[in-house]
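Below is one structure, written out as structure tokens; comments come after it.
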Amino acid sequence: MTNNPTLNSSWISDWRPEDEAFWNTTGKSIARRNLIWSIVAEHIGFSVWLIWSIVTTKLPQAGFHYTTDQLFQLVALPGLIGAFMRFPYTFAVTTFGGRNWTIFSAAILFIPTLSLAYFVSQPDTPFWLMLLVASTAGLGGGNFASSMTNISFFFPDRMKGWALGLNAAGGNIGVSSVQLLTPILMTLAVFNLYQATPVDGIFLQNAGLMWVLPIAIAVFGAVFFMNNLTTAKSSVKNQLAIVGRKHTWIMAYLYIGTFGSFIGYSAAFPLLLKTQFPTVTISIAFLGPLVGSLSRPLGGWLADRVGGSIITFWNFILMAGATVGALYFVGHKDFIGFLSMFLILFVTTGIGNGSTYRMIPSIFREENLFKVRSKGDAARSAALKTASIESGAAVGFIGAIGAVGGYLIPSGFGKSIAMTGGPQLALAIYLGFYGSCLALTWWFYLRRSPQGEGAPSLAEARV
């Protein structure tokens, strides 16, 4: 271990991001380097997680005889597995180290990519086996939790909104990358190591093979350019304390509304377009995740300046409005209107992702400082350290709960289309859910009324 962190220090023991002198002379460059490679690894993780959103649209023409509901299940299951994977990934950083876990979590992505490349060339693959293969893509979904937990330790509190927003956006945009690049690269025989015969000019195997080199680069970068922080070490027991906190669950619910919507709509959008507007090319689907990813840092930036709860509240109003618009235009089969509403919806999911994630460290900071009010600087310093550990754990835990939307939304669309012939029922349910998120945000974070003797006023703190 060393008190003077260098490029080759796998473990750093002296880390004081709140110390302005340390931050300006040493901390800033190290934090940014770790952020860059964290983004690279997380970007690829998201790309792998959402591979099946594109692959499913091509399976019927490749000779796979699956129903529409089964295709939506192939899209949805990686979302559910990714959500479950986020729980162990959240606590892995403080157990094994951020650098070490990034190496492992990136390397394990060879499993879903290579297995996809093999099985999509076997049209006689039974649905249950293809569902199992698709589920391994959920490994990419776990990366977000460990990445966000790790980066939360590197930056001072005043910059967490920006850093977490940038880290998340860099990962989120992997959804757009996979939906933009996969249809293009599936037409190039040079990527096709299996040398299989293309179906209608499509080498479906390339959807997996195209990520092999990027995964190798991510592993290399994590090995040589990232660090572990001893200050981020904590027992799982101490971190699990956040499970018993009321605000952990409230924020998890809100995060289903923001990130759950982003990942769920991203996964479902290509297949939704294919079923509702058959003449429209699915290559346009990448626009949704793209604008949603780019707007995420904006949400964090606005939350840093205005307050996360205020941005989140108004954002849910916009989400509800865009959902009403989508309901109207899909009923009238108006593609331009439908696409416009969904692009607005994607933008709001990104802004909401940034604002809700900015609320989490603020809430835990205020709660811990409230407990040690009037007890001196030493108690305040200890409270801030506890808040950092707890908010890091909460960021990952809440991200895991929120990712369930990656299963619920595509699955909901599949069931709605199977039952009613259209997605309107699912959209109506999502609209009601946004209304409940709006009410919770106001009640717990904007309502200026006494919170009780043992709790801080989070509305006054502008979390």
Side-chain angles (χ1 to χ4, degrees), residues 43-85 108-123 125-144 171-172 174-186 199 202-212 215 262-275 282-283 285-286 288-289 403-414 417:
H43 179 95
I44 296 168
F46 264 93
S47 299
V48 171
W49 194 16
L50 272 291
I51 283 179
W52 288 86
S53 67
I54 291 296
V55 170
T56 52
T57 66
K58 303 295 185 182
L59 288 179
Q61 72 187 68
F64 292 86
H65 303 293
Y66 301 147
T67 67
T68 298
D69 189 35
Q70 286 177 324
L71 292 176
F72 271 108
Q73 289 303 312
L74 287 172
V75 171
L77 189 59
L80 183 63
I81 300 302
F84 285 146
M85 294 304 297
I108 204 173
L109 297 180
F110 285 119
I111 295 173
T113 50
L114 294 178
S115 61
L116 180 150
Y118 175 77
F119 282 101
V120 295
S121 65
Q122 311 296 320
T125 302
F127 176 70
W128 69 266
L129 181 55
M130 193 63 87
L131 199 60
L132 180 62
V133 172
S135 71
T136 64
L139 292 169
N143 289 19
F144 178 83
N172 290 172
V175 180
S176 185
S177 295
V178 75
Q179 292 182 349
L180 172 64
L181 296 177
T182 304
I184 297 172
L185 297 183
M186 283 194 301
V199 178
I202 298 294
F203 291 92
L204 208 52
Q205 300 89 337
N206 289 358
L209 296 175
M210 62 186 277
W211 296 106
V212 171
I215 291 170
F262 170 80
I263 200 65
Y265 289 137
S266 295
F269 200 41
L271 199 53
L272 189 62
L273 288 177
K274 187 77 172 177
T275 58
I282 62 162
S283 61
F286 85 95
V404 173
Y407 172 78
L408 295 176
I409 287 180
S411 182
F413 278 133
I417 292 171

With a 4.5 Å limit on heavy-atom distance, are the side chains of [X] and [Y] in contact?
| X | Y | result |
| --- | --- | --- |
| Val48 | Leu139 | no |
| Thr125 | Val120 | no |
| Lys274 | Leu71 | no |
| Trp211 | Val178 | yes |
| Tyr407 | Gln73 | yes |
| Met130 | Trp52 | yes |

**Report entry** For Ser283, all residues meeting side chain to side chain donor-acceptor pair (under 3.5 Å), sequence neighbours excluded
**Finding:** Thr281
Show every salt bridge (charged side-chain N to carboxylate O under 4.0 Å, His left out) that has at least one partner inside [range], sequence neighbours left out.
| range | result |
| --- | --- |
| residues 125-140 | none |
| residues 52-68 | none |
| residues 66-82 | Asp69-Lys415 |

Heavy-atom closest contact ([X] atom, [Y] atom, distance):
| X | Y | result |
| --- | --- | --- |
| Ala207 | Leu116 | CB-CD2, 3.9 Å |
| Ala268 | Val75 | N-CG1, 4.2 Å |
| Ser411 | Ala76 | N-CB, 3.9 Å |
| Ile417 | Leu272 | CD1-CD1, 4.4 Å |
| Ala83 | Val404 | CB-N, 3.7 Å |
| Ser115 | Ile111 | OG-O, 2.8 Å |

Report task. Taking atom CZ of Phe84 as the centre, report whether more than 12 heavy atoms of other residues, nucleotides or ligands fall under 6.0 Å from it. Result -> no
Hey, could you give me the [atom1]/[atom2] distance between [X] and [Y], rounded to the nearest 0.5 Å?
| X | Y | atom1 | atom2 | value |
| --- | --- | --- | --- | --- |
| Leu271 | Ile282 | CG | CD1 | 9.0 Å |
| Leu74 | Ile51 | CG | CD1 | 13.0 Å |
| Leu185 | Ile202 | CG | CD1 | 10.5 Å |
| Leu181 | Asn206 | CG | CG | 12.0 Å |
| Leu77 | Thr136 | CG | OG1 | 9.5 Å |
| Phe127 | Thr67 | CZ | OG1 | 7.0 Å |

Requested in this report: Spell out, as yes or no, whether a donor-acceptor pair under 3.5 Å connects the side chain of Ser176 to the backbone of Phe286.
Outcome: yes
**Report entry** Aromatic plane relationship, Phe72 with Phe413 - under 30° parallel, 30 to 60° tilted, over 60° perpendicular
**Finding:** tilted
Query - Test ring pair (Phe, Tyr, Trp, His ring centres under 6.0 Å) applied to Phe46 - qualifying residues, sequence neighbours left out - result: Trp49, Phe144
Report summary line: Residue set satisfying side-chain contact (heavy atoms from CB on, under 4.5 Å) with Ala285, at least two apart, ordered chain then number -> Gln179, Phe269, Pro270, Leu273
**Report entry** Worked check of side-chain contact (heavy atoms from CB on, under 4.5 Å) between Phe203 and Leu209
**Finding:** CA-CA 10 Å; Phe203 291 92; Leu209 296 175; over 6 Å; no
